[in-house]
Amino acid sequence: MSEDLEQLKRRIPLLEYLQRHNWRACRAGRRQELVGLCPLHQETRPSFYVNAAKNLFYCHGCGRGGDLIRFVQLFLHLPFHQSVAHLQQQLMPAHASQLLEQTATFYQLQLHRYPEATYYLEQRGLHDSAVMEELGIGYAPGGNLRRHLAAWGHSFDLLLDTGLINSQGRDAFCRRIIFPCRQHHQIVNLYGRSIGTAFPHRLLPRSKGGLFAWESVSHFSTVILVEGLFDLAVLWQTGFRNTTCAIGTQLTSAQLLQLSDQPGRSLYIVFDQDQNRAGQKASHQLALRLKSAGIRPRIVQLPHGHDPNSYFVAGASAGDFTACLQQARPL
Ligand SMILES: [Zn+2]
């Protein structure tokens, strides 16, 4: 781990990172030492020093200093693990993230060209076009992505490496509703929900990133955590904008850290009520882990057999859902 971190810091020199964020500096006395205005607080006289050789900073104004990771923590208000993830993200080749961006845009354009896709969204209770637009929902009909991306000049190998096509050159996503997963405004993965008989869930073979849409949810002191993106979409549509999703019931440690980045936060866990009680078990285990991290978790019971999506499709209102939240007791 610590070797990985050293390598990460070598690959993104602190000075380069600062300059990418428009930090302007001039040379200070000694070689390799620069000084400029502190990006961490308001000031008019430069007191932020960077030693490019040692890859360290120190500010005489606010008294803070350290390495690149420490800077990212302070600069982006991120916990340690997320700062590392953010930096790793920056190392993702620009063309790979551009590729995912172009793919998501392409899929978004397909959505209204295929009646089966819009019909499926209606069936799942999604009708608010502003929410769909905001989430970047698209449709992968299958069979046309490779040609489109090749026209943009992306090589077969890059498409294969990203997992967008298989070794036979076929599109990985076929007859799937697509949700782009973003982290720090960059697409890190694509989730595809099958509208046909194929296995329902599919992600590209890469990290799914942090909690879904965490940038817009993290400021809430009460957060709703759901299992699937359709649950999230209908909740957003109904006005529960404090909903996030881990795409599944197993949270990564980065996602756990995100949930616990605000002490005393209340969390409503609304997972599916599975026949085999898998969802209930997962909720309970997660709630225990979160409780020990200072979060106040509650497990929400929906009427028998429902997940948030099916509950709203069956006609539940915002008031019905709020009543379920209110009935949930803290653990
Ligand atoms: Zn400072």
Side-chain angles (χ1 to χ4, degrees), residues 1-94 97 182-188 207 209-223 241-242 244 252-266 290 293-295:
M1 178 73 182
S2 72
E3 207 168 289
D4 288 351
L5 293 181
E6 288 312 315
Q7 203 192 351
L8 181 69
K9 287 190 274 183
R10 267 199 306 276
R11 289 183 66 190
I12 311 179
L14 174 63
L15 184 60
E16 192 185 303
Y17 184 87
L18 288 164
Q19 284 166 342
R20 245 193 269 168
H21 289 88
N22 304 316
W23 185 67
R24 292 211 184 89
C26 49
R27 242 163 238 297
R30 268 167 287 162
R31 279 173 62 206
Q32 303 260 40
E33 197 163 71
L34 294 108
V35 63
L37 293 175
C38 178
L40 303 173
H41 70 95
Q42 291 278 331
E43 65 176 8
T44 48
R45 283 237 216 109
S47 50
F48 185 88
Y49 286 78
V50 172
N51 187 316
K54 291 185 184 156
N55 231 354
L56 295 171
F57 73 96
Y58 184 78
C59 173
H60 292 278
C62 57
R64 291 178 288 188
D67 62 3
L68 172 69
I69 300 169
R70 179 75 190 137
F71 179 78
V72 171
Q73 284 182 271
L74 296 167
F75 187 54
L76 300 177
H77 303 281
L78 292 175
F80 180 80
H81 283 89
Q82 274 185 60
S83 303
V84 172
H86 161 78
L87 290 167
Q88 281 165 340
Q89 215 44 247
Q90 308 265 308
L91 283 177
M92 189 165 77
S97 81
R182 287 179 189 277
Q183 200 172 341
H184 308 297
H185 309 289
Q186 233 183 26
I187 300 181
V188 292
S207 156
L211 291 165
F212 193 85
W214 188 241
E215 275 89 8
S216 71
V217 174
S218 63
H219 66 278
F220 289 105
S221 57
T222 298
V223 167
R241 299 298 297 234
N242 55 338
T244 186
T252 63
S253 43
Q255 291 171 328
L256 279 173
L257 276 171
Q258 287 177 314
L259 285 177
S260 39
D261 66 8
Q262 198 184 107
R265 176 180 276 140
S266 294
L290 286 165
I295 297 295

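This chain uses plain numbering: 1 for the first residue, then up along the sequence. Remember, it's 1-based here, ligands and their atoms both numbered in the order they're listed.
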Problem - Metal site the Zn ion (ligand 1), protein N/O/S atoms found under 2.8 Å - result: 4

Looking only at atom types and distance, does a side-chain atom of [X] sit under 3.5 Å from a main-chain N or O of [Y], one as donor and one as acceptor?
X    : Y    : answer
W23  : L37  : yes
Q183 : V188 : no
S47  : C59  : no
R45  : G61  : no

Handout entry: Atom pair CD1 (I12) and CG (N55), whose distance is rounded to the nearest 0.5 Å
Key = 10.5 Å

Exercise for the section: For W214 and L259, run side chain to side chain contact (heavy atoms under 4.5 Å, CB included): C-alpha distance rounded to whole Å, both residues' side-chain angles, the deciding distance at 0.1 Å, then the answer. Expected result: CA-CA 9 Å; W214 188 241; L259 285 177; 4.0 Å; yes

